[in-house]
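Side-chain atoms are counted along with the backbone in the values below, which use heavy atoms only and exclude waters and symmetry mates. Chain letters run A, B, ... following the sequence lines, proteins first, then strands; residues in each count from 1.
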Number of protein chains: 2
Amino acid sequence: MVTKTIDKTSRMPAYAQMADILRASISQGQHPPGSRLPAESALAKAYGVSAMTARQAVSVLEEEGLVRRVQGSGTYVRKVGVAASNFGLESLGSVFADQDNLQVRIVKASVKKTPGVEKEVLGLQPNQPVIVVERIILHQGEPFTLHISYTNFDPTSPTVESMLDTVVLTGLIFQEGYSNFKRGALRLMPALLDAREAKLLGMPEGEPVFKLEHLFYDFDNRPTAFGWFLVSHEKMPLLSKVGVWDE
Amino acid sequence: MVTKTIDKTSRMPAYAQMADILRASISQGQHPPGSRLPAESALAKAYGVSAMTARQAVSVLEEEGLVRRVQGSGTYVRKVGVAASNFGLESLGSVFADQDNLQVRIVKASVKKTPGVEKEVLGLQPNQPVIVVERIILHQGEPFTLHISYTNFDPTSPTVESMLDTVVLTGLIFQEGYSNFKRGALRLMPALLDAREAKLLGMPEGEPVFKLEHLFYDFDNRPTAFGWFLVSHEKMPLLSKVGVWDE
DNA sequence: AAGTGGTCTAGACCACAAA
DNA sequence: TTGTGGTCTAGACCACTTG
């Protein structure tokens, strides 16, 4: 039954070794998709660890999406399918983290007083002014993304300058700086570049790109920063893996 | 310091109650972004639980992306930013799970013998035949997605019929049926509908849509099912929340 | 009723970071 | 050196599923 054992003198934690063993056994077909894994208590006994340690090992596989726990019933090997996938924005984060190679070019900065959907989203009256800022963010000298943002023009909050440079840029984009947001909602969509956007990004007009819309709320629960990023899928690849990849 | 206490007679686990309390205190600004949470041992003492239970409470917040643990240093409240977001395909999964309201219409099914990129992806020789299948999947009578798939035409594996209907549909798309895949890689992209695709989906030509590309491997590590889904972002919304949303 | 995962304790020791 | 998170034990009892 037990093909490999756990080396307790190793620097690798017992639960991690055990997770590796279980993952490999799933990968080799000992536990086909849909089948039930041995009970945690049985695993603990088989590998000579405590129940909590065996449980932790199974938790690793659960977090990887490889198994599903059902209380009172057992732990089952998940089937691999498209719906199990999950897309993170690490590629965006890694670009924003590389601050030495980033430049920001303000394309447009103005105060808009006419009505628009952005005022609805920000919970403002149609006549209340908002600050509109459009930026090109360049990475290693190349245009990376076009960012349009709408912010409430509020004389009681920090100055316009700091709104532009500190809150929106440092807080919203770069996670390392000062942040004033309690929460945010994001939506990812496909979009087309119009002539102006294409020129700014140095891409062909009509090119399909990602549009990443955001709405951030401050600690008073007021919607504060609405806007979106336009970015090529080549510069922000969205990849996901499901099933067993390491053995 | 401790504003709320844990009701040990409640059906809600102590760690979950404690996680709620901590989340609320972050939400109310007691622990601003970037600040350090009290040590787990301190939390355990303050709330009258064991160290393991306090640890589990903090783990809940960590999995929610609200805090970051640093060994030897402490647990810190994360700043809210775009890069923290994560997009899952639950909306796709829920449609595929609703099998009573699904219909599948085969648009095209043929064997292709001429070279093409799909053969490279599947690891085949240019002259080896592949099965091409195009399907419209309808949900509640409305076209939901267009699926194009390429599969190795292998006489030693189950018949063409079963490849078409069992493996690709049941296994790859609906996670409940039989599954023969060990792993899969997925890529999400923006795309444009051409005239034919638009007609099949009942959408305007040139509409931007999501293209979800997949490559699934069998238990012999052979690439087996390559293809993609075209689906409107309205029928498959990709939403993500960051920061504190429940208090 | 038996078996499963889920929670919890009260300790112990280790690995790492910061002063 | 001190304090932090990370691992681990050997039990206990509970909640739930299944026969």
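Heavy atoms of B:A51 sit nowhere under 4.0 angstrom from any nucleic acid atom. Note on B:V58: nothing from the nucleic acid sits closer than 4.0 angstrom, heavy atoms only.
Regarding B:M18, its CE atom lies at a distance of 11 Å from the P atom of C:dC8, rounded to whole Å. The separation between A:Q71 atom CD and D:dA15 atom P is 9 Å, rounded to whole Å. When rounded to the nearest whole Å, the span between CE of B:M52 and C1' of D:dT9 equals 9 Å.
Remark: B:R69 is not in phosphate contact with D:dT4, judged by side-chain N or O atoms under 4.0 Å from OP1 or OP2. For the OP1/OP2 pair of C:dG6 and a distance below 4.0 Å, the side-chain nitrogens and oxygens of A:R55 include at least one atom meeting the criterion. Side-chain N/O atoms of B:S73 include none lying less than 4.0 angstrom from OP1 or OP2 on C:dA17. Applying the 4.0 Å criterion to OP1 and OP2 of C:dC13, one finds that A:K8 has every side-chain N and O outside that range. Applying the 4.0 Å criterion to OP1 and OP2 of C:dG3, one finds that A:S41 has every side-chain N and O outside that range.
Taking the side chain of B:Y15 as heavy atoms from C-beta on, and the options C:dG5, C:dC8, D:dC8, the nearest nucleotide is C:dC8. Among D:dG5, C:dC8, D:dT7, the nucleotide with an atom closest to any side-chain atom of A:Q56 is D:dT7. The side chain of B:A39 approaches D:dT4 more closely than any other nucleotide in the set D:dT4, C:dC8, D:dT9. You'll find that the side chain of B:T53 is closest to C:dC8, out of C:dC8, D:dT18, D:dC8.
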Worked check of ring pair (Phe, Tyr, Trp, His ring centres under 6.0 Å) between B:Y217 and A:W245: CA-CA 10 Å; B:Y217 296 78; A:W245 281 81; 5.7 Å; yes
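Looking at A:N221 and A:R183, their side chains do bring a donor and an acceptor atom within 3.5 Å of each other.
Ring to ring, B:H214 and B:F229 are close: their centroids are under 6.0 angstrom apart.
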